[in-house]
Structures are given as structure tokens and as C-alpha cells.
Trainee: 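Dumping the structure here so I can ask a few things about it.
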2 protein chains.
Amino acid sequence: MERPFVAHTEQAREVFRTFLRERGQRQTPERFAVLEALYHTGDHVDADALYQHLRDEADASVSRATVYNTLDLLVEAGLATRHQFDGSHARYERAYAYAQHDHLICTDCGHIYEFCDPRLHDTQQMIGQILGFAVARHSLTLYGQCRRDACPNRAESDDA
Amino acid sequence: MERPFVAHTEQAREVFRTFLRERGQRQTPERFAVLEALYHTGDHVDADALYQHLRDEADASVSRATVYNTLDLLVEAGLATRHQFDGSHARYERAYAYAQHDHLICTDCGHIYEFCDPRLHDTQQMIGQILGFAVARHSLTLYGQCRRDACPNRAESDDA
DNA sequence: CTTCATGCAAAAAGTTTGCATCCTC
DNA sequence: GAGGATGCAAACTTTTTGCATGAAG
């Protein structure tokens, strides 16, 4: 049922190893534990969720400071993506071997869906041309109401 | 040089009046002062900037709590838009009579540009159809490097 | 054994909340 | 006059920082 991401964890670890070595930074068990935790949770998690996971479910004990520190490294290494959806705090998502995609969030239940529209790439290029920009990346999030039965506020909406 | 937004302030005030009246909420001078401050600053400002402006430049003395409270009301009234660009905190922008647009931010100098691509509406609709969503709004931000002479990091980029 | 990373706790930054006072309706 | 709104400060949440200890190279 789940996407097979286990294999990618192995490769991500390798990438991280190389990344750290090249930058002359240390390969500590804590850093790999954070990487593992992120790749294990195939979701959009915040730093605290990872901290909790590491603290409770994994045997690794990593401080919050280290979680934040390592997440920054992972983002720099291209192994994680940082999102800041509307009103909330930072959330992270594994990035190795996962194609660039965007998000669709239900304003009722908070559920996050992913999608990909190739036309966005055109938009990105075109706007860059027009405004004289070297556009490196984009962040698109759609907000709306999903139609899941499980969605808490589902019934309330008038389906006009 | 500036866009003529003064006239819109008048109309926004009227909309706010009606909004408050209909909701049985009070029309206090503080609330209108915040509206005025937001519409006066034709930019993407945070709550604190508005607070400072009200405190120093305007004669109105409004507490931070009231600024936050009123900004929420303005967003609900459709008179303001709240943004949460990448790493930073909430920023607000006046919304009355300003067409839906998106943002392009220079990762070097932080400058915010605006643009509009009608194809986004199609994307929004299409993805909504596919995923069974009633998409209400979207948030798109492009990140890249601008080519302004004033951009601090301008020279460093290799123009490959 | 040197130096960088960790952990802890305190600080910082942004936002929310509780309560007495004030002012709109 | 009654009840919502304000201001102040304290609480809260998320993230950063400083410093002593600990471990990777």
C-alpha cells in the first residue's frame, strides 16, 4: 500500500555521507538518525514530530537543536524539502528520488495531497523571462475542500 | 510613480464598515487605523511593521494584540491577504480591488515582485477535478535571482 | 588529541490569551 | 447601561543560541 521508499533511504544515506565528507562535516549517528526518521515517515512532518519519533519509537535520543540543525543540512544536501504552509510552522518532506510536486490542502481536515502539473514549469520559465529572473524553484499550494467521507467538516459545506 | 491606491482605501473602509455592521461587531477607531495603515503601505508587511507605523508615524496608538486581531478581521472581510513566504513569518497585503496575483521573490535581496498567469486558474480547476476538490484559492511563489543593479548578491551568480 | 557536534537550557521571535478598563452601540 | 474591544503583560509555540561535555576524524 505504501510507496516503496526503503530503498531510497539507503541511497539518501549514501548521498548524505558524501555530502558531509565533501564539506568536512562529521558523520554522526544523530544526523543519520534524523535522515532515517524523515525517510521513514513518508509524510509532511514538522521538527517536533521527528523529535518525538526519534525519542519514542526509535531508540536514538536526539535533541531538538540537533533535529533542526540536521534538517537544515538535509535541505542543503537536497535530501529534504522545507514547506511553510499557510498558517502553520515549517514542515519537511524527504526529497531524494521524489519528483518535484505541489500540494493541495483541505482547509477542513488539513489533509495534504500531492499533484504535478507540467505547465507550471512553463509558467516558471515565462515569468522568469518577462521579469528578468533566474527562477530556481517554485512553491504552489492549492487550498480547498476535499470530499473524503472522513473529512470532519464535510457535511457542512453547501455544494452549490 | 506609485499606484493610486488612496481611492481604494476609502472604499475598503466602506466595505469594512458594512462587514462589521453585518457581523454585529464594533467600528472602533483602532480597527480603521489598522486598515488605513495596511492600505497606506502598499507592500507586503508584517504585523509588527504595521504596529510600528501606527505607533510612530500615525498618531493612533494600537496595541499589538489589536493589530493581530484586526488583521484577522480584514482577511475574513476579504480586504487583506495573508502570506507566509518561505522561512519567514506572516505578511499581509491589501486585497481590495487588487487582482489575484502571485509572487516572485529574489533569494538574494528579498525583493518581492508580483505577476499573474491566467493558466494557473486552469491548473487550479483541473487539479480540483482530478482530485475531487473544491479548490478555493492558491498560493504560488517563485524563487530565484533578480537582475537588478541594486541586488546585493547580483555579481556573484555565474550567468551560465 | 583536535575540533566539531551534541545536549541542555535559556533566549529569541512571533503570536495568542486573560483580565481589568474603556468605549461603542 | 451592557457587552464587546482594547491594552498590557504574561503565556505559548517554534526556532535559535551559548557553553560545557562528548565523540568523530
Side-chain angles (χ1 to χ4, degrees), chain A residues 13 16-38 44-56 58-77 80 82-92 110, chain B residues 13 16-38 44-56 58-77 80 82-92 110:
Chain A
R13 208 184 288 127
F16 198 29
R17 252 191 287 271
T18 307
F19 174 82
L20 290 172
R21 195 182 306 122
E22 284 181 354
R23 309 222 318 185
Q25 294 192 266
R26 293 182 182 162
Q27 303 185 29
T28 66
E30 288 85 356
R31 287 178 171 169
F32 287 103
V34 172
L35 170 66
E36 202 110 351
L38 178 65
H44 308 79
V45 291
D46 55 38
D48 204 58
L50 287 176
Y51 173 72
Q52 297 295 340
H53 177 81
L54 286 162
R55 200 169 192 279
D56 303 338
D59 52 343
S61 178
V62 178
S63 73
R64 271 198 190 79
T66 300
V67 172
Y68 279 104
N69 174 27
T70 305
L71 282 171
D72 283 351
L73 287 175
L74 290 174
V75 170
E76 284 184 65
R82 177 195 172 114
H83 299 290
Q84 189 120 39
F85 298 125
D86 243 30
S88 63
H89 45 280
R91 285 164 172 276
Y92 296 85
Chain B
R13 208 182 290 128
F16 199 29
R17 253 192 286 272
T18 308
F19 173 83
L20 290 172
R21 196 181 304 122
E22 283 181 354
R23 308 220 322 185
Q25 294 193 266
R26 294 184 182 160
Q27 302 183 30
T28 66
E30 288 85 358
R31 287 179 171 167
F32 287 103
V34 173
L35 170 66
E36 201 109 353
L38 178 66
H44 308 79
V45 290
D46 55 37
D48 205 58
L50 287 175
Y51 174 71
Q52 296 297 338
H53 177 81
L54 286 162
R55 202 167 189 279
D56 303 337
D59 51 343
S61 176
V62 179
S63 73
R64 270 198 190 77
T66 300
V67 171
Y68 279 104
N69 174 28
T70 305
L71 282 171
D72 283 350
L73 286 176
L74 290 175
V75 170
E76 285 183 65
R82 177 196 172 114
H83 299 291
Q84 188 121 36
F85 298 125
D86 241 30
S88 62
H89 47 279
R91 284 163 174 275
Y92 297 84

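Labels below follow one simple rule: chain letters A, B, ... track the order of the sequence lines, proteins then strands, and each chain is numbered from 1.
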Trainee: What is the separation between atom CG on B:L73 and atom P on C:dT16, rounded to the nearest whole Å?
Mentor: 12 Å
Trainee: Can a donor-acceptor pair be found, under 3.5 Å and without considering hydrogens, that links the side chain of A:T70 to the backbone of A:V67?
Mentor: no
Trainee: Can you confirm whether A:R17 sits close enough to A:Q27 that some side-chain heavy atom of one is under 4.5 Å from a side-chain heavy atom of the other?
Mentor: yes
Trainee: With sequence neighbours excluded, tell me which residues meet side chain to side chain donor-acceptor pair (under 3.5 Å) with B:Y68.
Mentor: none
Trainee: What is the distance from CD of B:Q27 to C1' of C:dC25, rounded to the nearest Å?
Mentor: 10 Å
Trainee: Determine the minimum heavy-atom distance between A:L35 and A:R13, stating which atoms define it.
Mentor: CD2-CA, 3.4 Å
Trainee: In whole Å, what is the span from the CZ atom of B:R17 to the P atom of C:dC25?
Mentor: 11 Å
Trainee: Round to the nearest Å and state the distance from B:R23 atom CZ to D:dG4 atom P.
Mentor: 14 Å
Trainee: In whole angstrom, give the distance that lies between atom CG of A:L54 and atom P of C:dT6.
Mentor: 12 Å
Trainee: Any non-hydrogen side-chain atom of B:H44 less than 4.5 Å from a side-chain atom of B:Y92?
Mentor: no
Trainee: What is the separation between atom CG on B:L20 and atom C1' on C:dC23, rounded to the nearest whole Å?
Mentor: 15 Å
Trainee: Side-chain N or O of B:Q25 versus OP1/OP2 of D:dG4: is the shortest distance under 4.0 Å?
Mentor: no
Trainee: Flag the pair A:L74 / A:F16 as yes when at least one side-chain heavy-atom distance between them is below 4.5 Å, and no otherwise.
Mentor: yes
Trainee: Taking side chain to side chain donor-acceptor pair (under 3.5 Å) as the test, write out the residues that go with B:N69, two or more places apart.
Mentor: none
Trainee: Less than 4.5 Å apart, any side-chain heavy atom of B:L73 and any of B:R23?
Mentor: yes
Trainee: For the side chain of A:R26, starting at C-beta, report the closest nucleotide among D:dT6, C:dG7, D:dA24.
Mentor: D:dA24
Trainee: Treat primed atoms plus P, OP1 and OP2 as sugar-phosphate and everything else as base, then score nucleotides 8-20 of chain D 5' to 3': B for base contact with protein heavy atoms under 4.0 Å, S for sugar-phosphate contact only, - for none.
Mentor: B-----SBBB---
Trainee: Applying side chain to side chain donor-acceptor pair (under 3.5 Å), can you list everything that pairs with A:R21, at least two apart in sequence or on another chain?
Mentor: none
Trainee: Take the C1' atoms of the five end pairs on each side of the helix from C:dC1-D:dG25 to C:dC25-D:dG1, get both axes, and report the angle to 10 degrees.
Mentor: 30°
Trainee: So, OP1 or OP2 of D:dT6: does either fall under 4.0 Å of a side-chain N or O from B:N69?
Mentor: yes
Trainee: To the side chain of B:V62, which of D:dG7, C:dC25, D:dA23 is closest?
Mentor: D:dG7
Trainee: Quick check: does any side chain N or O of B:R31 sit under 3.5 Å from a backbone N or O of B:R26, one acting as donor and the other as acceptor?
Mentor: yes
Trainee: Hey, does A:R64 have a side-chain heavy atom less than 4.5 Å from the side chain of A:D48?
Mentor: yes
Trainee: Starting from the 5' end of DNA chain D, give me the residue, B:T66 or B:G24, whose nearest nucleotide shows up first.
Mentor: B:G24
Trainee: If you take any heavy atom closer than 4.0 Å to DNA chain C, which residues from residues 28-38 of chain A end up in contact?
Mentor: A:T28, A:E30, A:R31
